[in-house]
Structures are given as C-alpha cells and as structure tokens.
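One structure is given below, encoded as structure tokens.
In listed order, ligands and their atoms are each counted from 1.
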Amino acid sequence: MNRLFFRFFVLVLLSISAAAFIVYFAITWLFGDPLENIARRQASAQIFLLEQYIDQAPADQWLERLNKVREVSKVQYELLPAASVRRQLAGHDARAFERGELVLDVGRKAFYRRVDLDGQRYIGSEEEALSAQNLPIDVGFAMQLEMVRYVIVALVLLVPIGFWSRAHWRSLQRLSNVADRFGEGELSARAHMQPRDSVYPLAERIDHMADRIERLLAAQRNLLHSVSHEIRTPIARLEFAMELLRDAAGHSALVKRIDGMQGDLAELKELVNELLGMARLDAGQSLQRQPFALGPALEQCVATLPPAAIPVRSELAPDLGEISADQRLLLRAVGNLLRNALKYANGQVRLSASRVDGPGEAGQALRISVEDDGPGIPEDERERIFEPFYRLDRSRDRSTGGFGLGLSIASKAIALHGGKLAVDASPLGGARFLITLPA
Ligand code: ADP
C-alpha cells in the first residue's frame with residue numbers, strides 16, 4: 001500500500017510542480033511576467049514621481065527636481081553611464097532600455113531608464129541612465145500565496161487519490177493472496193470480487209482460469225485413479241492364472257519363463273499400487289493424525305527396511321518428543337528416502353532428526369535428514385526429481401529398479417503435513433534429503 005501511495009504522491013507532486021511552471025510561463029508569455037507586474041505596482045509611487053514630477057520639469061530644472069526628490073526619498077536615485085547599465089541587461093530588458101522604457105529588476109529591487117533619448121533633459125543626458133535602488137518591492141509574499149495555493153491543490157488531490165489507491169491496493173492484495181494459495185495447492189481458492197471492485201475484470205478471469213485448472217487436474221486425477229483401479233482386477237486374474245500355469249508346468253523348462261513372467265507381473269502390480277497411492281495423495285487424502293513419539297517411530301522405520309549390505313547410522317536428538325502426524329504416511333516418505341539412499345550409497349547412509357527454530361515467526365520445526373555418500377543429485381535436477389516418473393539419466397536402466405514415483409510420493413506426503421522436502425549436497429559426499437515439518 002505504502003509503495004503504491006508513495007508513487008502516486010510523488011507523481012501528483014511532480015505533476016503539480018510541472019503545472020505550476022507551465023501556468024507561470026503561459027501567463028508570462030500571454031500577459032507578461034506576473035511577478036514583474038506585482039513589483040511594478042509596488043514601485044508605482046516612485047515611477048509616478050519620475051514620470052509625472054521629475055520628467056515634467058523644463059530641461060534646465062530636471063536635475064534640480066531629481067535632487068529634491070533624492071533628498072526626501074528613501075529610494076536611492078543615481079545617474080550612471082548608460083554603457084554600464086547596458087552591460088547588466090540582456091534580451092527583452094536590453095531592448096526595452098534602448099527604447100527608453102523603464103526596466104524593472106525585481107531581484108535587485110531596482111529600476112533603470114535612460115535619462116534622455118533626444119537630449120531634451122539637459123546637455124549630455126543621452127548617454128546617462130537613471131537608476132533607482134531600494135525600491136519598496138517585495139514579491140516574497142506573493143510567492144508564498146502561490147505556494148499555499150499549490151500545496152492546497154496538491155493536498156485536495158491527494159486525499160481522493162489516497163482513498164482510490166487504498167481500495168485498489170486491497171483488491172490487488174486479495175488477488176495476490178488467491179494466487180499464492182492456489183500456487184500452494186489450495187485449488188479451491190477464488191477471489192469472488194464484486195463488479196464494483198476496480199480489478200473485477202481481472203479477478204473474474206483469474207477465477208475462471210482457476211476453475212478450469214481445478215477441473216482439468218480433477219479429471220486427470222480421476223483418470224489416473226480409475227485406470228489404476230481397473231487394471232488391478234485383470235492383474236489379479238493373471239496372477240491366479242500364472243500360479244495355475246506354474247503348477248501345471250511341473251518341472252519342465254517352462255517354469256523359468258513363468259517365473260520371469262510372474263516377476264514382471266509383480267512389478268506391474270507394484271506400479272499400480274504406487275500410482276493409486278499417489279492418486280490418493282493428490283486427491284488431498286485426509287490425514288489420520290495421531291500423536292506418536294518420533295524417535296522410536298524412525299528407529300522402527302529403519303528396522304523394517306529390506307536387508308542391505310550398508311548399515312543405516314541413526315543420529316536422533318534425544319528431545320525429539322511427540323509429533324501429531326499420519327504415522328504411516330510420514331514413515332512411508334522417510335522409508336522411500338532411506339531405500340533410495342541405500343540404493344545409491346557407496347558405503348554410508350545417515351538418518352538424523354532434530355528440533356530447530358523455524359523460519360521467521362514459524363516457531364519450532366522438526367528436521368529429518370537422510371544422507372548418503374553416493375553420486376548425489378546434480379544442482380539443475382534438484383527441483384525436477386520430485387516430479388512423478390522423473391528419473392536421472394543414470395537411473396534409466398532398470399538395474400536400480402523404481403518407477404520414479406518414490407520421491408514424488410514422499411514430497412506429496414510431507415506437503416500434506418504442511419512441511420517441505422528438499423535436496424542438497426551432503427557432507428558425506430552424496431545427496432542429502434531434508435524434511436522440514438512444523439512441530
Ligand atoms: P525411483 O523409484 O526410480 O528411485 P525416485 O522418485 O525415488 O524414483 O527417485 C527419482 C530419481 O532421483 C531416481 O531415479 C534417481 O536417479 C534419483 N535419486 C533419488 N535418490 C537418490 C540418491 N539418494 N542419490 C542419488 N540419486 C537419487
């Protein structure tokens with residue numbers, strides 16, 4: 001709000017200053033300098049005295065009258081060589097001086113005029129100029145009046161602009177709030193603005209776009225779920241048929257082939273189960289939150305891992321305490337990370353957990369990290385590996401197994417708990433997967 005208002009404020013002040021200058025120059029151009037007009041009015045007594053009293057004297061008494069005025073006036077009248085006055089004047093003033101007009105210098109509070117153009121005042125007077133200094137000129141007050149006028153205009157303009165930008169700002173805030181919530185996965189977030197709102201057309205389009213995205217994602221989820229679900233039945237039938245076939249084959253050479261086919265079928269079944277699990281997470285599966293002690297649960301997760309040549313080193317802080325979460329889902333995420341680490345590590349896998357201070361006002365957070373000394377994840381792949389079916393090139397061969405769903409499922413499960421899963425490099429030399437959960 002402040003930034004928007006400040007920009008308007010500066011813009012209005014700049015516009016008003018520009019308007020003040022334009023008004024001044026336009027009036028000067030059309031009607032003459034208004035400040036000079038004011039000064040001329042303020043010095044009108046002295047000008048009147050010069051033109052109607054001194055200048056009206058006969059040629060031999062002109063100087064005498066000037067001296068009389070000098071004696072009684074506070075204004076300093078002086079006779080100067082016309083050449084020295086010419087050096088001070090330029091442009092329009094210089095031309096007026098040559099024409100014998102009275103030239104006013106507002107800044108110096110003075111006026112200048114040639115004494116005589118045709119030698120009628122007194123002998124030699126054509127090359128002299130009369131200057132009057134200390135004239136009672138004060139344009140400061142007039143300038144102050146102008147300033148007050150412009151400041152009042154600026155303030156009166158700023159009040160409605162302030163209200164307007166405030167209303168605008170609020171609507172924009174609401175829109176950016178909706179965009180944030182939508183981006184964080186709350187697909188039902190909408191702005192729902194009134195037609196009288198200034199950004200209503202934009203809000204309406206954003207709501208419309210959100211509707212379409214929500215519908216598309218729901219359709220995609222449903223399709224994934226339905227297809228996975230429908231495939232389960234023929235797989236079950238195939239499994240049963242394979243079993244019968246294997247029994248019938250006895251000890252013939254066919255058994256090896258049938259074993260291979262059963263292995264492929266098991267893999268297919270696992271993929272379908274993974275897909276169904278992911279579809280459920282995508283559909284915003286409701287969490288079965290229950291308080292449980294995190295330390296023992298993590299130990300149990302390590303214990304249920306398939307036997308591996310590499311031991312998992314657990315470094316769990318003693319103050320982990322209890323956490324209210326969906327234990328099955330959370331341990332599944334940690335299990336996926338541990339299985340990956342065991343798959344890619346050269347000889348070391350470490351699981352650590354501790355309580356840390358959350359960012360900003362977030363209070364305490366729980367941090368669980370799974371590290372290994374394997375090849376790690378290249379920096380430019382660290383975002384993408386959480387996408388479903390995404391595998392690094394080196395893992396494309398089936399030797400490492402996996403469908404590229406493990407990390408995607410883990411990251412969705414953590415997000416459902418309001419947490420975040422990220423990856424960076426581990427001091428052990430490989431990848432470090434970091435789970436941060438609100439405590
Ligand atoms: P997969 O089931 O294929 O392991 P994931 O989603 O679990 O799929 O992982 C995606 C990809 O991220 C993997 O194919 C692998 O290339 C990479 N990856 C995951 N964990 C690690 C790790 N600990 N070290 C190195 N690469 C990893």
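Smallest separation of non-hydrogen atoms from Ala413 and Leu281: N-CD1, 4.1 Å. Between Val302 and Ser314, the shortest heavy-atom distance links the atoms CG2-OG, 4.1 Å. Residue Ile310 comes nearest to Gly347 through the heavy atom pair CG2-O, 3.4 Å, listed as atom of the first residue, atom of the second, then distance.
Taking every non-hydrogen atom of Gly376 and a distance limit under 4.0 Å, the qualifying atoms of ligand 1 come out as 25 (C). In the vicinity of Leu392, heavy-atom distances shorter than 4.0 Å reach the ligand 1 atoms 14 (O), 16 (O). For ligand 1, the atoms lying closer than 4.0 Å to a non-hydrogen atom of Ile385 are 12 (O). Near Lys343, meaning under 4.0 Å from any of its heavy atoms, are these atoms of ligand 1: 4 (O). Applying the 4.0 Å criterion to heavy atoms of Leu405 picks out, from ligand 1, the atoms 6 (O), 8 (O). Those atoms of ligand 1 with a heavy atom of Leu407 less than 4.0 angstrom away are 5 (P), 6 (O), 7 (O), 9 (O), 10 (C), 12 (O), 19 (C). Which parts of ligand 1 touch Phe403 is read off a 4.0 Å heavy-atom cut-off, strictly below it: atoms 2 (O), 3 (O).
Contact check for Val423 versus Arg432: no side-chain heavy atoms found under the 4.5 Å cut-off. At a threshold of 4.5 Å between non-hydrogen side-chain atoms, the residues Arg221 and Met278 do not count as touching.
Residue nearest to atom 1 (P) of ligand 1, selected from Gly404, Ala410, Gly430: Gly404 (by heavy-atom distance). Selection from Phe386, Tyr344, Phe389 by nearest heavy atom to atom 22 (C) of ligand 1 gives Tyr344.
A donor-acceptor pair under 3.5 Å is formed between the side chain of Arg174 and the backbone N or O of His192. Between the His417 side chain and the Asp326 main chain, a donor and an acceptor come within less than 3.5 Å of each other.
The closest approach between Tyr390 and ligand 1 falls below 4.0 Å for a heavy atom of the residue. At least one heavy atom of Ile377 sits closer than 4.0 Å to an atom of ligand 1.
Contacts with ligand 1 closer than 4.0 Å are made by side-chain heavy atoms of Asp372 only, the backbone lying farther away.
Side chains of Gln88 and Arg108: a donor-acceptor N/O pair is present below 3.5 angstrom, by distance only.
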